[in-house]
*Asks:* 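Sending over a structure as structure tokens; questions will come in a sec.
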Protein chains: 2
Amino acid sequence: MIKKKLFFRDCSDYAPYGADLMRKDIHNSNIPVRCRSCEVRHQGMCGALTADELLALSAHTHLANHSAGEELAGERMPVESYATVIRGVVKLTKTLEDGRQQIVGLQFAPDFLGRLNAEENAVSVEAASDVNICRVPKATLERLVKSSPALAERLMDQTMRELDEARDWMVTLGRKTAAEKVASFLMLIATHLEPEADGERRAFDLPLSRAEIADFLGLTIETVSRQLSKLKADSVIAITASRHIEVPKLSKLQMRCGA
Amino acid sequence: MIKKKLFFRDCSDYAPYGADLMRKDIHNSNIPVRCRSCEVRHQGMCGALTADELLALSAHTHLANHSAGEELAGERMPVESYATVIRGVVKLTKTLEDGRQQIVGLQFAPDFLGRLNAEENAVSVEAASDVNICRVPKATLERLVKSSPALAERLMDQTMRELDEARDWMVTLGRKTAAEKVASFLMLIATHLEPEADGERRAFDLPLSRAEIADFLGLTIETVSRQLSKLKADSVIAITASRHIEVPKLSKLQMRCGA
DNA sequence: GCTTTTTCTTGATCAAGATCAAAGTCCACC
DNA sequence: GGTGGACTTTGATCTTGATCAAGAAAAAGC
């Protein structure tokens with residue numbers, strides 16, 4: 001039974017957030033925060049912290065799919081520290097003893113990774129693409145949550161959103177056909193990777209391989225491939241490279257989703 | 001497409017909690033609270049409230065499966081009030097436009113029903129068996145959550161537990177065989193209906209019909225029935241009445257669950 | 001008690017998707 | 001530029017679970 005393993009390497013810049021960040025900027029969580037070291041703008045959780053707290057805890061890490069180095073150990077990582085996804089896609093998986101695997105969630109920026117008060121996380125956390133995360137030590141976050149109702153509320157909101165997404169996906173897993181599952185997956189990626197896009201046209205790179213898509217949809221790679229070919233033959237999508245998908249008319253794809 | 005509807009009737013006793021409940025009893029959430037009107041002992045959420053708050057908000061309702069009366073309207077109910085399950089099983093369902101249905105969660109006592117801060121609930125809430133619930137008006141609960149960190153924490157814990165359960169079930173839906181799904185369902189019911197039971201033997205009434213089990217497992221009634229017959233033929237379970245299941249050896253059932 | 005309706009079980013057949021197999025494509029690396 | 005390896009596509013066949021159908025059992029109504 002081959003279980004794929006992914007790895008992470010720390011990037012060289014562990015520099016904290018620049019001191020030029022004004023406390024008022026950070027307190028207002030509607031203002032995006034720019035990290036001086038990686039130049040990625042991000043908002044969300046960090047916006048709920050104070051500048052001092054941010055300075056104390058921020059350490060950026062680049063997770064790279066398939067790169068050599070220390071293992072990003074499934075269950076262990078989120079127990080030792082929490083993190084916010086800044087860029088890229090993280091997959092949450094569960095595996096049966098005999099190796100059958102199911103992806104139970106995908107996290108996009110600016111989602112929060114890790115679970116409060118849990119001794120052991122029930123899911124494996126792996127980078128699906130190259131990923132930047134903003135790490136927060138376990139003890140630090142748990143202290144912050146107690147003193148900051150806004151942060152606690154943000155975590156509650158994300159947890160409820162994840163629950164909604166999990167339940168939506170249960171319908172897909174339990175009651176949709178293979179064709180509908182694949183269309184629903186493309187729809188999910190299209191809306192998450194380009195949430196602000198307008199109009200009917202979309203173009204994006206799939207963050208997952210065929211095998212990962214199969215694990216997400218409860219199908220085999222062959223079935224995923226066949227259904228993608230079928231959508232292509234029907235001109236619902238164009239596949240210019242195996243990972244690059246173009247959707248000329250989103251509503252046409254939507255009609256294939258079965259709901 | 002036939003969509004089954006369930007109904008509720010209010011029971012006659014809307015009496016609030018007895019004034020003989022001592023404030024100290026209620027503050028200590030480890031002490032079960034006995035409702036004078038329905039004589040059902042229950043703990044959990046109510047234990048986190050003060051006596052005054054309890055008096056102000058408690059109204060018991062008996063939900064009855066299939067009884068005539070006002071409709072327990074899927075999405076509407078949990079929006080107008082929140083509730084704790086005191087007795088019975090409540091199912092959360094989602095339905096595709098063409099009528100395909102998936103049960104996305106089961107709530108047992110003392111689970112909490114309803115969702116904070118949500119304008120509209122994404123799931124339909126229906127009684128699976130006769131159910132007693134303790135209702136809390138929407139505004140009341142939202143006010144209490146703001147002032148009581150303990151209550152907020154309890155809601156967060158339940159939400160995370162529901163998320164774990166949803167993800168566990170995603171593995172079952174996506175990666176298990178029909179036989180494993182049915183065994184897993186029986187395991188779920190056995191552990192939830194008799195959580196404190198000891199030893200290997202279990203006996204219980206199924207709270208769901210074959211059709212509901214099928215909707216929970218992403219299968220058809222026929223397949224559910226066949227797999228139950230097979231478990232019976234293999235002496236893993238005994239079916240004394242169609243709803244009554246006896247499990248002589250839980251570990252033997254566990255081995256059929258595929259994980 | 002008897003009928004009617006609903007739920008459950010069992011059998012026969014069918015089809016969606018899995019499995020098995022092979023060839024094609026895309027990269028990374030030398 | 002060529003080679004090796006992983007990923008993807010496509011085809012042939014098989015299995016699992018769906019569908020169709022009928023009868024049995026249980027529950028509801030009268």
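Worth knowing before you read on, the calculation uses all heavy atoms, side chains too, and leaves out hydrogens, waters and symmetry mates. Each chain gets a letter, A, B and so on, in the order the sequences are listed, and its residues count up from 1.
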*Asks:* Flag yes if more than 12 heavy atoms outside B:Lys230 fall under 6.0 Å of its NZ atom; otherwise flag no.
*Replies:*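 Count not over threshold, so no.
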*Asks:* Quick one: bend of the helix from C:dG1-D:dC30 to C:dC30-D:dG1 from 5 pairs per end, to 10°?
*Replies:*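 What I find for the helix from C:dG1-D:dC30 to C:dC30-D:dG1 is an axis angle of 50°.
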*Asks:* Taking only side-chain N and O atoms of B:Ser229, does any of them lie within less than 4.0 angstrom of OP1 or OP2 on C:dT10?
*Replies:*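 Yes, such a contact exists.
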*Asks:* Whether A:Arg167 and B:Glu162 form a salt bridge (side-chain N of Lys/Arg under 4.0 Å from carboxylate O of Asp/Glu) is what I want to check.
*Replies:*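 A salt bridge links B:Glu162 with A:Arg167.
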*Asks:* In plain terms, say whether A:Asp215 and B:Arg175 are close enough for a salt bridge, that is, a side-chain N and a carboxylate O under 4.0 Å apart.
*Replies:*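 Yes, A:Asp215 and B:Arg175 are salt-bridged.
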*Asks:* Counting only side-chain nitrogens and oxygens, does B:Ser242 get under 4.0 Å of the OP1 or OP2 atom of C:dT9?
*Replies:*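 No, B:Ser242 has no side-chain N/O under 4.0 Å of OP1/OP2 on C:dT9.
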*Asks:* Which residue, B:Ile221 or A:Ala241, contacts DNA chain C at a nucleotide closer to its 5' end, judged by nearest heavy atom?
*Replies:*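 Closest to the 5' end, via its nearest nucleotide, is B:Ile221.
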*Asks:* Can you check the A:Glu212 CD to D:dC7 P distance for me, whole Å?
*Replies:*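 These atoms are roughly 9 Å apart.
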*Asks:* Would a 4.5 Å heavy-atom cut-off, applied to side chains only, mark B:Val182 and B:Leu219 as touching?
*Replies:*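 They are in contact (side-chain heavy atoms under 4.5 Å apart), so the answer is yes.
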*Asks:* Tell me, which pairs form a ring-ring contact (aromatic ring centres under 6.0 Å, His included) where one or both residues lie in residues 212-244 of chain B, sequence neighbours left out?
*Replies:*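 ring-ring contact (aromatic ring centres under 6.0 Å, His included) check on residues 212-244 of chain B returns B:Trp169-B:Phe216, B:Phe185-B:Phe216.
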*Asks:* Could you run through nucleotides 11-17 of chain C and give me one letter per nucleotide, 5' to 3': B if any protein heavy atom sits under 4.0 Å from the base, S if only the sugar-phosphate is that close, - if neither?
*Replies:* BB----S
*Asks:* Nearest-Å distance, NZ (B:Lys181) to P (D:dT16)?
*Replies:*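 That distance rounds to 14 Å.
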*Asks:* May I ask you to decide whether A:Arg100 forms a salt bridge with B:Glu180, counting only side-chain N to carboxylate O separations under 4.0 Å?
*Replies:*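 Salt bridge flag = yes for B:Glu180 with A:Arg100.
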*Asks:* Is there side-chain contact between B:Asp111 and B:Arg161, with at least one heavy-atom pair below 4.5 Å?
*Replies:*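 Yes, close enough: below the 4.5 Å cut-off.
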*Asks:* Decide yes or no for A:Ile103 and A:Leu92: does some side-chain heavy atom of the first lie under 4.5 Å from some side-chain heavy atom of the second?
*Replies:*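 Side-chain contact under 4.5 Å: no.
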*Asks:* Whole Å only: how far is the NZ atom of B:Lys232 from the C1' atom of C:dT10?
*Replies:*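 Nearest whole value for this atom pair: 12 Å.
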